[in-house]
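See below for the structure under consideration.
Atom set for the values below is all heavy atoms of this structure, side chains included, hydrogens, waters and symmetry mates excluded. Keep in mind the model is a prediction, meaning the values are calculated, not measured. Below, chains carry the letters A, B, ... as their sequence lines are ordered, and counting in each starts from 1.
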Amino acid sequence: MPSSIATCYHVLQSCTLNTPLFTDIVTKINISTASIRARKISLSLSATYPSPITQTTTNDLNFEDRATRFRIKGLVHRITTLSSSNSKTQMLQILEKDPEFQTISDFNLLLMALVIAQELDICLSIFAKLPSFQLVPDCCTHSIMIRCHCEKNDMDEAKRALDTALGKGFRPDAATFTVLINSLCKRGRVNKAREVFEAMGRNGYKGSVQAKNCLLKGLSYVGKVDEALEMLMGMKGTSLEPDVYSYTAVMDGLCKVGRSGEAMELLDEVVGMGLVPSVVMFNTLIQGYSREGRPMEGAAVLELMKEHECVPDCVSHNTVLHGLLKWNEVLAALGVYKEMVGLGLKVDVRLMGTLARRLCKRSRRKNSLLQDAYDVFEKMKERGPVVDQRTFEVMIQALCVGKRFDQAFATLNEMVRLGYSPEAITFDKVILGLCARGRVDDAVSTMVLLHASGGIPSKISYDMLIKELNEEGRLFCARNLFGSALKLGVVPNREPRLNVMGWEEPQVTRIC
DNA sequence: GTAGGGTTAG
């Protein structure tokens with residue numbers, strides 16, 4: 001009989017590892033792990049698929065163990081595949097055959113993996129089939145199922161599952177209660193969450209700061225910030241002493257209703273208590289000031305962080321940048337952007353787009369900003385096809401205003417090559433600019449480009465080009481252009497010049 | 001020696 005590891009290899013090899021489904025599940029597992037467990041564990045399946053999540057792990061599930069990872073991964077994959085064709089009988093056969101899945105512990109691992117992979121219906125059906133394996137759910141199984149119902153947004157069922165577990169004499173630990181309380185709070189059912197918290201006390205649990213923090217956040221979420229503040233103050237001096245999370249939750253609540261000043265006072269209190277404020281706490285304040293229309297004070301928090309030996313992260317900077325742009329503090333935003341680039345921090349591409357457009361607009365008054373705008377724009381392009389149509393157009397038009405027609409012409413071509421259909425006015429500006437510089441051929445090719453991208457050149461562009469061609473004596477070309485305008489339903493004001501004899505030019509020499 | 005809990009932006 002092959003060893004379990006060999007079996008797992010066999011199983012995995014029988015699956016197509018690179019199928020989208022497989023990749024999707026692995027990705028889902030990784031993503032939900034990050035969100036569900038506050039980055040404590042990583043289901044990094046890097047043995048076969050490199051994960052972007054690289055945190056160290058403290059999980060007891062021991063996903064570091066290759067065999068366990070493979071076993072669960074293979075099973076989740078196979079079961080998911082079967083589920084889509086409703087082959088539940090086959091699913092049970094798979095589980096029955098697998099010598100690794102015989103005890104309730106084995107199933108708990110599988111059920112938890114399914115919850116993390118968001119395969120909740122499969123989780124429920126396997127749970128329902130446990131008796132057919134002669135297995136009885138234990139305390140851990142019940143906790144996992146409570147979580148499963150929470151993830152499914154079926155809070156009443158989650159509460160029933162908790163009551164069932166308690167009724168059977170199990171004593172789920174505080175973490176299980178916290179999951180339920182948190183889910184209720186996230187859905188705005190704070191009163192129900194409070195009931196569960198109180199039920200903890202009745203059942204002999206001491207409660208937990210984590211659960212209390214969920215209530216603080218829940219109260220803030222439903223607009224009861226003062227109640228949250230009161231609860232926070234009430235925690236002081238009790239066995240559930242507030243921690244940095246508690247304060248952050250309430251500060252966030254205050255910031256969201258325009259009370260950033262009070263949130264800042266809480267920061268002082270935190271420091272006074274000897275707690276170390278976290279980067280999240282500062283980021284909350286930045287967001288508060290930015291919302292309130294006080295973006296410069298938000299930016300000042302970056303300095304405050306440094307005073308507290310807290311290193312601002314990507315969120316800090318992006319939040320400051322967003323606030324400054326929102327309230328049109330363009331120069332300050334540029335400063336923060338440059339600082340971020342210098343620090344190697346990843347700037348949100350949408351913010352880069354906004355910054356580039358704002359700088360373009362400002363460059364009319366202050367020419368030097370055009371280069372800054374172009375630098376931001378170029379940096380955006382390095383990120384891949386992320387530049388939106390509007391940013392392209394604003395950039396091209398600003399380049400025209402700044403008389404940088406080479407770049408305008410090249411960027412317009414690039415835009416069309418990427419499949420965008422720029423507005424006719426963008427072409428007009430480039431065509432007029434090129435004509436003014438005597439670059440008639442480039443102007444003509446810009447018009448051809450516009451036509452090729454499905455647009456109709458404007459009368460003003462035709463007029464300008466026909467005028468230039470007339471002046472250069474390229475009368476055949478002017479006539480062609482005039483003719484193509486008429487075909488498109490545009491009647492230029494300027495007509496192609498006849499030659500000196502009043503005859504039509506013969507088809508010779510230059511072709512447009 | 002079964003899993004797993006709370007905070008920030010866009």
Roughly how many Å is it from CG in Asn182(A) to P in dT7(B), rounded to a whole number?
-> 6 Å

Take the protein atom OH of Tyr221(A) and the nucleotide atom C1' of dG6(B), then report the distance between them rounded to whole Å.
-> 17 Å

Using a cut-off of strictly less than 4.0 Å, decide whether Lys217(A) has a side-chain nitrogen or oxygen near OP1 or OP2 of dG6(B).
-> no

dG10(B) OP1/OP2 closer than 4.0 Å to side-chain N/O of Gln287(A) | yes

What does Ala174(A) touch in the nucleic acid at a heavy-atom separation under 4.0 angstrom: a base, only the sugar-phosphate, or nothing?
-> base

Write down the distance between CG (Asn108(A)) and P (dT2(B)), rounded to a whole number of angstrom.
-> 10 Å

Euclidean distance, atom CG of residue Asn283(A) to atom P of dA9(B) [Å, nearest integer] = 9 Å

Can you list every pair that meets salt bridge (Lys or Arg N to Asp or Glu O under 4.0 Å) and has a residue in residues 232-243 of chain A, with sequence neighbours left out?
-> Lys236(A)-Glu269(A)

Is Asp388(A) paired with Arg350(A) through a side-chain N to carboxylate O contact shorter than 4.0 Å?
-> no

If you measure from the Lys or Arg side-chain nitrogens to the Asp or Glu carboxylate oxygens, is any gap between Lys338(A) and Asp372(A) under 4.0 Å?
-> yes

N/O (side chain, Lys186(A)) to phosphate O (OP1/OP2, dT7(B)) under 4.0 Å | no

Closest to side chain of Asp243(A), choosing from dA9(B), dG6(B), dA3(B) | dG6(B)

Report which part of the nucleic acid Cys214(A) touches: base, sugar-phosphate, or nothing (heavy-atom distance under 4.0 Å, all strands).
-> sugar-phosphate

Would Glu329(A) and Arg358(A) pass as an ion pair if we require N to O under 4.0 Å?
-> no

Could you tell me whether the side chains of Gln287(A) and Thr319(A) share a donor-acceptor contact shorter than 3.5 Å?
-> no

What is the distance, rounded to the nearest whole Å, between atom CG of Leu215(A) and atom C1' of dG5(B)?
-> 13 Å

With distance as the sole criterion, do the side chain of Thr284(A) and the base of dT8(B) form a donor-acceptor contact below 3.5 Å?
-> no

For the side chain of Tyr245(A), counting heavy atoms from C-beta on, which of dG6(B), dT2(B), dG5(B) is nearest?
-> dG6(B)

Starting from P on dT7(B), measure out to NZ on Lys256(A) and report it in whole angstrom.
-> 11 Å

Using a strict 4.0 Å threshold on nitrogen-to-oxygen distance, state whether Arg383(A) and Asp348(A) make a salt bridge.
-> no

Heavy atoms under 4.0 Å, any strand shown: does Ser316(A) hit a base, just sugar-phosphate, or nothing?
-> nothing

Which nucleotide in the list dA9(B), dG6(B), dA3(B) gets nearest to the side chain of Asn213(A)?
-> dG6(B)

Please evaluate the base of dG6(B) for a donor-acceptor partner in the side chain of Thr178(A) within a cut-off of under 3.5 Å?
-> no

What integer distance in Å separates Arg350(A):CZ from dA9(B):P?
-> 13 Å

Mind calculating the distance between CE (Met380(A)) and C1' (dG10(B)) to the nearest angstrom?
-> 13 Å

OP1 or OP2 of dG10(B) less than 4.0 angstrom from a side-chain nitrogen or oxygen of His322(A), does that happen here?
-> yes

If you check every side-chain atom of Val280(A), which of dT2(B), dT7(B), dG5(B) has the closest atom?
-> dT7(B)

dT7(B), dG6(B), dT8(B): which one has an atom nearest the side-chain heavy atoms of Val209(A)?
-> dG6(B)

